[in-house]
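All values reported here derive from a predicted model rather than from experimental measurement.
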Amino acid sequence: MVGQDYRRPVNLGERQIRLSSPRWEDATPSIVLLGYPPVPFKVNADRRHHIPRQRDRVTNWSEYDAGLRQRGSLTVWFSEEAIAAWRAEPRTTRGGQPHYSALAITTALTLRVVFRLALRQTEGLIGSIIRLLGLDLAIPDHSTLSRRAETLEVARPPSSAEPVHLLVDSTGLKLSGSGEWLVEKHGTSRRRSWRKLHIGVDADTGRVVAAALTTNDVDDASQVGPLLDQIDGPIASFTADGAYDQDGVYGEVAARHPEAAVIVPPRSNAVPSETADTAPTPRDRHLQAIAEHGRMSWQKASGYNWRALVEADIGRWKRVIGHALRSQTDKRQATEVALAVDVLNRMLALGRPSYVRIV
């Protein structure tokens with residue numbers, strides 16, 4: 001019968017078999033232990049409403065409040081050094097002479113990222129700012145901004161002298177184009193594409209210290225190496241979710257930072273290695289700790305709960321920068337992401353809250 005749900009559970013003592021095939025004789029059973037779902041944070045789902053929600057108090061509210069207001073300030077100034085460096089230096093090689101320096105293009109594209117503008121609107125905004133300040137500076141047009149974004153080099157975030165506790169996660173960013181209204185109006189739309197953003201966050205400072213943009217079919221674990229290569233300083237620990245539970249991730253971290261701890265939860269069907277009894281790997285030790293003390297205790301003991309900070313940074317990215325990319329080519333999109341990282345780190349430098357747990 002069309003639309004009928006054939007997934008019928010069959011109780012077998014302490015285990016349960018779910019038959020997902022429409023035909024009983026062709027069904028392939030998958031065994032799930034009762035009370036132990038494969039997703040770890042669902043263990044206490046049925047009684048989560050009895051668990052009191054953690055409450056914190058901000059101890060530096062006055063400074064943090066001033067920083068939040070400063071993030072929305074429209075105060076703009078051009079230093080004498082910036083005015084002098086607005087025009088590009090004459091090139092000595094063959095080809096046309098550039099009119100605008102990298103500083104001028106970076107300034108205009110940064111305003112575009114902050115205010116979520118199109119290129120023509122960005123040209124109008126930077127032009128109005130220059131005229132209001134009474135400066136005698138040339139205004140880059142939208143075509144120049146688009147062309148220069150292809151080759152613009154954005155400075156990477158400075159590395160910290162202290163060892164970094166790196167938190168890694170990924171999220172999706174839509175590409176600009178026809179929106180959801182097309183589906184509501186015509187019933188169908190072309191398949192919309194999107195890009196995957198991989199970021200690494202310093203757990204101590206909250207700053208984004210590494211970022212990579214890939215297509216949507218790239219595995220998360222494959223970007224661990226490129227993210228680690230963007231960090232020049234030492235790494236004390238690497239924390240990520242279960243999607244990074246792969247031997248390659250442990251190998252990438254060990255090759256660059258042998259002393260770094262890898263805090264990745266093993267998957268629900270994980271098994272120890274063949275040398276778990278004689279020479280246990282870091283993953284084997286995670287499995288042993290979970291078997292002895294439970295997954296929730298392992299999360300607290302290992303510091304895995306700090307991974308929530310990178311999810312908070314992704315949420316801040318979506319609120320401040322947006323859910324979509326406005327550039328069309330890969331190189332321009334990479335420039336847009338690098339500028340967004342710089343903007344978020346600058347906003348964070350204006351003020352960050354300090355919490356004290358009260359419940």
(message) Please determine whether side chain to side chain contact (heavy atoms under 4.5 Å, CB included) holds for the pair H99 and R87, giving the CA-CA distance in whole Å, both sets of side-chain angles, and the decisive distance to 0.1 Å.
(response) CA-CA 6 Å; H99 294 284; R87 186 173 180 83; 3.8 Å; yes
Heavy atoms, side chains only, cut-off 4.5 Å: are [X] and [Y] in contact?
{"X": "V113", "Y": "I321", "value": "yes"}
{"X": "I358", "Y": "D56", "value": "no"}
{"X": "F78", "Y": "L133", "value": "yes"}
{"X": "L325", "Y": "K174", "value": "no"}
{"X": "L111", "Y": "I129", "value": "yes"}
{"X": "S354", "Y": "V58", "value": "no"}
{"X": "K196", "Y": "T171", "value": "no"}
{"X": "D241", "Y": "V264", "value": "no"}

Does one side chain, of [X] or [Y], offer a donor that lies under 3.5 Å from an acceptor on the other?
{"X": "Q333", "Y": "S327", "answer": "no"}
{"X": "S237", "Y": "H165", "answer": "yes"}
{"X": "D219", "Y": "S222", "answer": "no"}

(message) Counting only heavy atoms from other residues, nucleotides and ligands, does the tally under 6.0 Å from NZ of K318 exceed 12?
(response)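 Yes, NZ of K318 has more than 12 neighbouring heavy atoms, counting only those of other groups under 6.0 Å.
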(request) Answer yes or no: are there more than 12 heavy-atom neighbours, outside D204 itself, under 6.0 Å from its atom CG? (result)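 Yes, enclosed.
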(request) Identify whether the distance between the nearest side-chain nitrogen and carboxylate oxygen of R156 and D232 falls below 4.0 Å. (result)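 The answer is yes: the pair qualifies as a salt bridge.
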Could you measure the distance from the [atom1] atom of [X] to the [atom2] atom of [Y]? Nearest 0.5 Å is fine.
{"X": "S170", "Y": "N216", "atom1": "OG", "atom2": "CG", "value": "11.5 Å"}
{"X": "E336", "Y": "L152", "atom1": "CD", "atom2": "CG", "value": "12.5 Å"}
{"X": "D169", "Y": "D220", "atom1": "CG", "atom2": "CG", "value": "7.5 Å"}
{"X": "L166", "Y": "I199", "atom1": "CG", "atom2": "CD1", "value": "10.0 Å"}
{"X": "L173", "Y": "R195", "atom1": "CG", "atom2": "CZ", "value": "10.5 Å"}
{"X": "I126", "Y": "H142", "atom1": "CD1", "atom2": "NE2", "value": "16.0 Å"}

(request) May I have the step-by-step check of side chain to side chain contact (heavy atoms under 4.5 Å, CB included) for M347 and V320, ending in yes or no? (result) CA-CA 10 Å; M347 288 185 176; V320 177; 3.9 Å; yes
Check: [Y] main-chain N/O paired with [X] side-chain donor or acceptor under 3.5 Å:
{"X": "S101", "Y": "W86", "result": "yes"}
{"X": "E292", "Y": "A289", "result": "no"}
{"X": "D342", "Y": "A155", "result": "no"}
{"X": "S128", "Y": "L125", "result": "yes"}
{"X": "R352", "Y": "T205", "result": "yes"}

Could you give all pairs that pass the salt bridge (charged side-chain N to carboxylate O under 4.0 Å, His left out) test and reach [range], with sequence neighbours left out?
{"range": "residues 269-286", "result": "D245-R283"}
{"range": "residues 139-152", "result": "E150-R332"}
{"range": "residues 59-73", "result": "D65-R69"}
{"range": "residues 117-127", "result": "none"}

(request) Could you pull out all residues at least two apart from Y304 that satisfy ring-ring contact (aromatic ring centres under 6.0 Å, His included)? (result)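 ring-ring contact (aromatic ring centres under 6.0 Å, His included) list for Y304, sorted by chain: W298.
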(request) Could you pull out all residues at least two apart from F115 that satisfy ring-ring contact (aromatic ring centres under 6.0 Å, His included)? (result)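 None.
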(request) Run the numbers on V224 and F238 for side chain to side chain contact (heavy atoms under 4.5 Å, CB included), then give the verdict. (result) CA-CA 10 Å; V224 171; F238 174 92; 3.9 Å; yes
(request) Scan for side-chain hydrogen bond (donor to acceptor under 3.5 Å, both in side chains) pairs involving residues 106-118, sequence neighbours excluded, and state none if there are none. (result)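 Every pair satisfying side-chain hydrogen bond (donor to acceptor under 3.5 Å, both in side chains) with a residue in residues 106-118: there are none.
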Test of understanding: with side chain to side chain contact (heavy atoms under 4.5 Å, CB included), list the residues that count as partners of [X], not counting sequence neighbours.
{"X": "D136", "answer": "none"}
{"X": "A349", "answer": "none"}
{"X": "D229", "answer": "R256"}

Verify same cluster id: [X], [Y] (apolar side-chain graph, 4.5 Å):
{"X": "L109", "Y": "W317", "answer": "yes"}
{"X": "L348", "Y": "V168", "answer": "no"}
{"X": "L175", "Y": "L197", "answer": "yes"}
{"X": "L132", "Y": "L74", "answer": "no"}
{"X": "W306", "Y": "V310", "answer": "yes"}

(request) For the pair T214 and H198, evaluate side chain to side chain donor-acceptor pair (under 3.5 Å) and give the outcome as yes or no after the intermediate values. (result) CA-CA 8 Å; T214 64; H198 311 261; 2.9 Å; yes
(message) Using the side chain to side chain contact (heavy atoms under 4.5 Å, CB included) definition, which of the options V164, D313, I314 pairs with V201?
(response)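 Of all the options given, the one that passes is D313.
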(request) If a pair satisfies ring-ring contact (aromatic ring centres under 6.0 Å, His included) and one of its residues is in residues 246-274, list it, with sequence neighbours excluded. (result)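 Listed by first then second residue: nothing to list.
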(request) Check the pair R316, L344 against side chain to side chain contact (heavy atoms under 4.5 Å, CB included), reporting the backbone distance first and the verdict last. (result) CA-CA 8 Å; R316 188 160 61 97; L344 291 177; 4.0 Å; yes
(message) Could you report the tightest heavy-atom contact between R295 and P265, atom names first, then the distance?
(response)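 In this case the closest contact between R295 and P265 is NH1-CB, 3.7 Å.
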(message) The criterion is salt bridge (Lys or Arg N to Asp or Glu O under 4.0 Å); which residues satisfy it with R57, sequence neighbours excluded?
(response)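 Listed in chain order: nothing, the list is empty.
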